[in-house]
**Student:** 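Quick one: this structure, given as structure tokens, is what I'll be asking you about.
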Amino acid sequence: MSKYFKYFEYAYLFFAAFFLFEAVRIWSTEPNKAYVFLFFVAVAIGMYFFKRRFRKKYEQRNQN
């Protein structure tokens, strides 16, 4: 089960990269929309670290 959680962690990084690409792509034409995408980048990276910490705590609890 832990393997699936690890894959979902990397999915958050994939989405962060995608949102960053979109923000850079539309920066010159629609800067307000680019800020929204940058917000999503921050949320996705935050979710990556949150899920990673949660998974590691879960694994440590199951080992003991």
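Everything numeric in this text was worked out from a predicted model, so none of it was measured.
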**Student:** Of all the heavy-atom pairs spanning Leu38 and Ala23, show the shortest one and how long it is.
**Tutor:** CD2-CB, 3.8 Å
**Student:** Who are the ring-ring contact (aromatic ring centres under 6.0 Å, His included) partners of Phe21, not counting sequence neighbours?
**Tutor:** none
**Student:** Which residues satisfy the side chain to side chain contact (heavy atoms under 4.5 Å, CB included) test with Tyr12, sequence neighbours excluded?
**Tutor:** Met47, Tyr48, Lys51
**Student:** Quick check for you: to the nearest 0.5 Å, what is the distance between Phe18 atom CZ and Leu13 atom CG?
**Tutor:** 15.0 Å
**Student:** Can you name the residues that form a salt bridge (Lys or Arg N to Asp or Glu O under 4.0 Å) with Arg25, not counting sequence neighbours?
**Tutor:** Glu22
**Student:** Quick check on side-chain contact (heavy atoms from CB on, under 4.5 Å): which of Glu59, Arg61, Arg53 does Lys57 satisfy it with?
**Tutor:**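 Exactly one candidate clears the test, Arg53.
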**Student:** In Å, rounded to the nearest 0.5 Å, how long is the span from CZ of Phe19 to CZ of Phe39?
**Tutor:**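 Rounded to the nearest 0.5 Å, the CZ-CZ separation comes out at 11.0 Å.
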**Student:** If every non-hydrogen atom of Ile26 is compared with every non-hydrogen atom of Ala34, which pair is closest and at what distance?
**Tutor:** CD1-N, 3.8 Å
**Student:** Report whether Ile45 and Phe50 are members of the same hydrophobic cluster (ILVMFWY, side-chain heavy atoms less than 4.5 Å apart, transitive linking).
**Tutor:**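 No, Ile45 and Phe50 fall in different hydrophobic clusters.
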**Student:** When clusters are formed by joining ILVMFWY residues with side-chain heavy atoms under 4.5 Å apart, either directly or through shared neighbours, do Phe8 and Phe40 land in the same one?
**Tutor:**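 Hydrophobic grouping puts Phe8 apart from Phe40.
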**Student:** Could you check, using the six-membered ring where one of them is a Trp, whether Trp27 and Phe37 have ring centers closer than 6.0 angstrom?
**Tutor:**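 No.
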